Protein chains: 2
Amino acid sequence: MANGLKLKASDLSKQASSADVIYDALRDAIIRGEIEGGEALRQDTIAQMFRVSRIPVREAMQRLEAQGLVVSERHKGAVVASLSADQITEIFQFRALIEPIVIEMAVPLMTEETLAEAQRQCDAFAAETDPMRWGDLNRAFHRALYKDSDKPYFLSVVDKTNDLVERYVRLVLYFVQGMRHAVAEHQAILDACKARNAKLAGELTRKHIETAGETLVAYLRNQKR
Amino acid sequence: MANGLKLKASDLSKQASSADVIYDALRDAIIRGEIEGGEALRQDTIAQMFRVSRIPVREAMQRLEAQGLVVSERHKGAVVASLSADQITEIFQFRALIEPIVIEMAVPLMTEETLAEAQRQCDAFAAETDPMRWGDLNRAFHRALYKDSDKPYFLSVVDKTNDLVERYVRLVLYFVQGMRHAVAEHQAILDACKARNAKLAGELTRKHIETAGETLVAYLRNQKR
DNA sequence: GTTTGCATAATTGTATCCAATCTACAATAT
DNA sequence: ATATTGTAGATTGGATACAATTATGCAAAC
């Protein structure tokens with residue numbers, strides 16, 4: 001897991017179809033903000049990019065739509081979903097409720113390896129100079145803290161929820177908080193985990209998410225004017 | 001909403017494609033338990049049932065798989081997902097966390113109309129003699145209590161989560177509790193809503209879900225032997 | 001200048017056809 | 001008898017082709 005191989009879990013469990021590859025690629029591009037909200041996703045264009053027909057593209061789109069990352073209308077096409085400030089507020093409220101619970105369940109089960117891995121992620125995040133990578137490292141840190149919870153359904157919901165707002169989270173890291181703030185909060189959460197203080201880790205996680213959400217929404221509402 | 005028309009929201013907002021129709025039909029059949037866990041879903045068979053080619057069938061399947069209702073393997077086909085006792089336990093734990101929060105948010109916003117509608121659903125559930133309809137009415141009652149929360153993302157997560165365990169919930173209503181128990185709990189929750197006691201409504205909802213989950217898992221573990 | 005109508009181009013939805021892979025069972029060797 | 005190989009049928013993954021619908025550009029009328 002810590003070596004240089006860039007294998008995804010799905011690559012190991014079962015051979016990936018074209019639809020899988022396209023789904024992953026589009027999902028990543030949307031999450032990273034490389035495709036903006038409202039931008040059209042033409043089946044033919046995407047098919048040509050991947051040198052395939054439109055069939056697997058459509059299958060990938062169905063999944064993206066089921067997940068809420070794109071919205072499509074019959075004979076009009078699909079566009080990347082864009083979230084209103086209200087929707088973002090609600091999703092951060094959701095995150096602030098569920099993620100503390102997940103980390104609380106994880107803390108008693110966290111291995112020393114996991115704590116070391118999280119510390120590495122935290123340091124890597126603090127040391128990273130390329131802003132394009134901050135989002136990935138931020139996400140990896142949080143995921144590391146949650147994964148020992150042994151609650152696959154909770155984790156899948158957390159992942160899908162984060163996918164929806166990941167683009168916007170990156171705005172906070174880029175422009176708003178400068179990310180120095182995030183690093184300090186990360187270290188505090190991690191320290192609470194190391195001290196096996198589940199309640200505190202949960203509480204700090206809740207604050208971390210609430211702060212990010214409020215900062216982000218304030219930023220977006222300013223941008224709008 | 002209370003009339004005899006059986007229109008779904010999607011039918012009104014946009015014209016349904018074959019894939020939409022097939023998705024809805026398969027989803028309902030799985031949720032209702034008409035197709036059992038582990039049962040194979042052959043593309044060709046389903047396509048013939050709907051008098052279409054396999055293309056829209058596959059698109060429907062992609063959505064079902066994204067939602068976790070079916071699992072598929074390349075060149076092997078798709079089967080209806082079946083949940084282990086552990087998975088069911090986790091999902092009920094999730095429900096017991098999120099649904100009380102949703103009802104707490106809904107109570108202050110509940111209209112008199114909604115309360116009346118919920119009372120009708122509750123009475124209809126109590127009066128229904130056809131066991132095949134208990135699941136639908138149970139679900140409709142809960143949905144009525146949640147809908148005024150004005151939290152579409154929370155509601156979508158609640159819905160998708162309930163879809164996963166709906167088949168199993170019906171077992172509780174059929175065999176285990178006889179459903180008399182469920183009716184009493186429903187009325188208690190509704191009374192708390194009428195009294196605008198959000199905390200109590202949430203607490204009763206949590207207990208309601210926890211009881212159902214424990215009863216169900218105990219039943220399943222007995223069945224296994 | 002704006003609007004309306006229509007022809008044309010783009011785009012999506014689906015059917016049909018072919019390739020790749022798996023499953024089951026029979027034939028053969030050990 | 002067991003293990004292995006080979007082959008036929010079933011099943012899925014994907015490409016191509018066509019139909020249905022929507023967007024676009026342009027000319028004519030107001």
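Proteins get letters first, then strands, A, B, ... in listed order; numbering begins at 1 in each. Bear in mind that the values here come from a model prediction, so they are computed numbers and not experimental data.
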Do A:Phe141 and A:Phe125 pass the ring-ring contact (aromatic ring centres under 6.0 Å, His included) test, and can you show the C-alpha distance, the side-chain angles, and the key distance before you say yes or no?
-> CA-CA 8 Å; A:Phe141 171 74; A:Phe125 179 62; 7.8 Å; no

Between atom [atom1] in [X] and atom [atom2] in [N], what is the gap in whole Å?
| X | N | atom1 | atom2 | answer |
| --- | --- | --- | --- | --- |
| B:Glu73 | D:dG13 | CD | C1' | 15 Å |
| A:Asp44 | D:dA15 | CG | C1' | 13 Å |
| A:Arg58 | C:dT11 | CZ | P | 15 Å |
| A:Phe50 | D:dA15 | CZ | C1' | 17 Å |
| A:Ile55 | C:dC17 | CD1 | P | 15 Å |
| B:Arg74 | C:dC22 | CZ | P | 9 Å |
| A:Glu59 | C:dT12 | CD | C1' | 15 Å |

Between B:Asn162 and B:Arg139, a side-chain donor and acceptor under 3.5 Å |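 The answer is no; no qualifying pair exists.
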
Whichever of A:Gly77 and B:Arg51 has the more 5' nearest nucleotide on DNA chain C, that residue is A:Gly77

Output yes when at least one side-chain N/O atom of [X] is less than 4.0 Å from OP1 or OP2 of [N], else no.
| X | N | value |
| --- | --- | --- |
| B:Arg42 | D:dT11 | yes |
| A:Gln43 | C:dA10 | no |
| A:Ser53 | D:dG14 | no |

By nearest nucleotide on DNA chain D, pick out whichever of A:Lys76 and A:Pro56 is the more 5' one.
->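 In this pair, the answer is A:Pro56.
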
Name the residue closer to the 5' end of DNA chain D, choosing between B:His75 and A:Arg54 according to the nucleotide with the nearest heavy atom.
->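 Nearest-nucleotide comparison on DNA chain D picks B:His75.
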
Does B:Arg143 count as lying over the ring of B:Tyr146, i.e. NZ or CZ under 6.0 Å from the six-ring centre, within 45 degrees of the axis?
-> no

The residue among A:Gln62, A:Arg63, A:Glu65 that forms side chain to side chain donor-acceptor pair (under 3.5 Å) with B:Gln62 is A:Arg63

